[in-house]
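Numbers restart at 1 for each chain; the letters A, B, ... are given by sequence-line order, proteins then strands.
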Protein chains: 2
Amino acid sequence: MSPETFGAPLSSWQTGDVSPAAAKSRAQQRVAQSAAIKEVARRLIADKGVTNLSLREVSRELGMVSSALYRYFATRDELLTALIYDAYNELGAAVERAEARVARGDTRGRWRAACLGVRRWARANPHEYSLLYGTPVPGYVAPSVTVVAATRVTTVLARILSDDAAQRRARPSRAPTRDVRDFLQVDALAPTMPGVEPAQYVRALIAWTTVFGAVSFELFGHYVGTVTNYSRMFDAVVDELADLVGLA
Amino acid sequence: MSPETFGAPLSSWQTGDVSPAAAKSRAQQRVAQSAAIKEVARRLIADKGVTNLSLREVSRELGMVSSALYRYFATRDELLTALIYDAYNELGAAVERAEARVARGDTRGRWRAACLGVRRWARANPHEYSLLYGTPVPGYVAPSVTVVAATRVTTVLARILSDDAAQRRARPSRAPTRDVRDFLQVDALAPTMPGVEPAQYVRALIAWTTVFGAVSFELFGHYVGTVTNYSRMFDAVVDELADLVGLA
DNA sequence: ATGATTGCAAGAGCACTGCTCTCTATGAGT
DNA sequence: ACTCATAGAGAGCAGTGCTCTTGCAATCAT
């Protein structure tokens, strides 16, 4: 029961209340309740990890009974999918913001900022990062909607490479030893980084993979005994990767 | 009940039986039962993933009651830890075997074989790979015993770099721009790859990270829409990494 | 050989989970 | 004002990890 039960009811503009008890249209209530559920679930995941997320606990915190939750999310996986979608967008937004702060001409600085943005977000939200880049939930096939949300980070990285290529017109690239068309979706990749030669795609792929690989290794404890200062180590890796892809 | 219940009992050397029903000492029975439990658990994980592993199902398959299982593994996590330990050793052994098949002088071939060994094992045992390199179970701190098992693969990779460095005595390495002593456990690393200059460690780290990063990305679905032929892509990546670390 | 001790498994039970079903108020649309 | 869809309540099912007690059987010491 909310406090409004006693005395004169307050309307939402007075209380700043966003709870579904405030007067709202049915549709508004529904999205508000959905958001409240996701918010609580998010916090619980942040606290105790995905595997320990229980719908019953979420419902308890919201003061409702567990069965009522199924009006909003048909299954636990559906709730998780919604959270994954949100998390991808949050990570993407964080990286975009970090990268946007650097002068356009400084492609290496932008690369550094974007990579650091990934790591920063991951360290701030380790369990949500795991949700995205850890073991996928069994039987889970990413709905296409989450797939496009997932591309926000790679889009940023691709644009940096593209801008860098545009800056210095003639790139003295090594001769391609393999035709990447044999194993990469060149038609899909090319539009995202115009100006970058397909011969460079493998290195770009390595850079992308290494950024997330390093963050995962750090978070999942695989660097224990090897690395003493993760921040400096990551900086060094990111710089070396910038060299690899040939950033200015 | 095993077949030996009827007719003349056969001893284990005749049947090749490893079931605890065969006549054995108490200690032998215990390890046999432990092994049986792990074997069933392994199969169930391979089938349905870690999160769907249930101790009760394991006990059911073994024809015993669930509480009996706790004589062997005090908790679910303890069973998982045992499985993780075994998996690390299996992966390590597989990589060692693959790498050993290549002539010692062919360091690039050995590198390729080792990396392919990782990917091959991961694809053959995706759920166990996830157990090792996916999201760690929450609250799980790797017991030191699993840590050393985990180093088997990196030991192989380090030795390849070391042997390569020994072959061509004077390496024309670029000047180190950073002192890796600031962020790497150089004292622990150096003995594992004698002859390799610390300035090369960052690249070695990238190579190691990328190999597992690429395998994880492939298995966890992050390359969907980007890569069309995973085997060829992995080959290209491995080759590029060999270039990066300067293999012959 | 006999008696004490120890180890293994069974069974019942607790607190929890995801999820389904039926039922009842209450708000929305006619 | 009367329908009617909807959000939530409540009970319940099948499953989970784990604990505790009880009985039996193999081992050990005498």
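Closest approach to the A:A68 side chain among C:dA9, D:dA9, D:dT6 is made by D:dA9 (side chain taken as heavy atoms from C-beta onward).
For B:Q33, a side-chain nitrogen or oxygen approaches OP1 or OP2 of C:dA9 to under 4.0 Å. Contact between the side-chain N/O atoms of A:R60 and the OP1/OP2 oxygens of C:dT17 is found at a separation under 4.0 Å.
By the 4.0 Å N-to-carboxylate-O rule, B:E99 lies too far from B:R159 to be salt-bridged with it. Contact check on B:R152 versus B:E90 returns no salt bridge, with no Lys/Arg side-chain nitrogen under 4.0 Å from an Asp/Glu carboxylate oxygen. Ion pairing of B:E96 with B:R101 is absent here, as no side-chain N (NZ or NE/NH1/NH2) approaches a carboxylate O to less than 4.0 Å.
Going from atom NZ of A:K48 over to atom P of C:dC16 covers 11 Å, rounded to whole Å. Nucleotide C:dC8 holds its P atom 10 Å from the CD1 atom of B:I37, rounded to whole Å. One can place CG of B:N52 at 18 Å from P of C:dT17, the figure rounded to the nearest angstrom. If you measure from atom CD of A:Q29 to atom P of C:dG27, you get 9 Å, rounded to the nearest angstrom. Rounding to whole angstrom units, CZ of residue A:F73 and P of D:dA7 are separated by 13 Å. Look at OH on A:Y72: it is 12 Å from P on D:dT6, rounded to the nearest Å. Atom pair B:L80:CG and D:dG17:P shows a separation of 10 Å (rounding to whole Å applied). Between the P atom of C:dG7 and the CG atom of B:L69 lies a distance of 18 Å, rounded to the nearest Å.
Ring geometry, A:Y88 versus A:Y133: the interplanar angle exceeds 60°, so the pair is classed perpendicular (tilted spans 30 to 60°).
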Protein-proximity profile, nucleotides 18-25 of chain C, B/S/- by nucleotide at the 4.0 Å heavy-atom cutoff, equals BBBB----
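The CH2 atom of A:W121 lies 16.0 Å from the CG atom of A:L116; values are rounded to the nearest 0.5 Å.
Although no hydrogens or angles enter the test, the distance criterion places a donor-acceptor pair under 3.5 Å between the side chain of A:R76 and the main chain of A:L53.
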Let's go through A:Y223 and B:W208 carefully: what are the C-alpha distance in whole Å and the side-chain angles of both, what is the deciding distance for ring-ring contact (aromatic ring centres under 6.0 Å, His included) to 0.1 Å, and is it a yes or a no?
CA-CA 11 Å; A:Y223 281 147; B:W208 169 39; 5.6 Å; yes
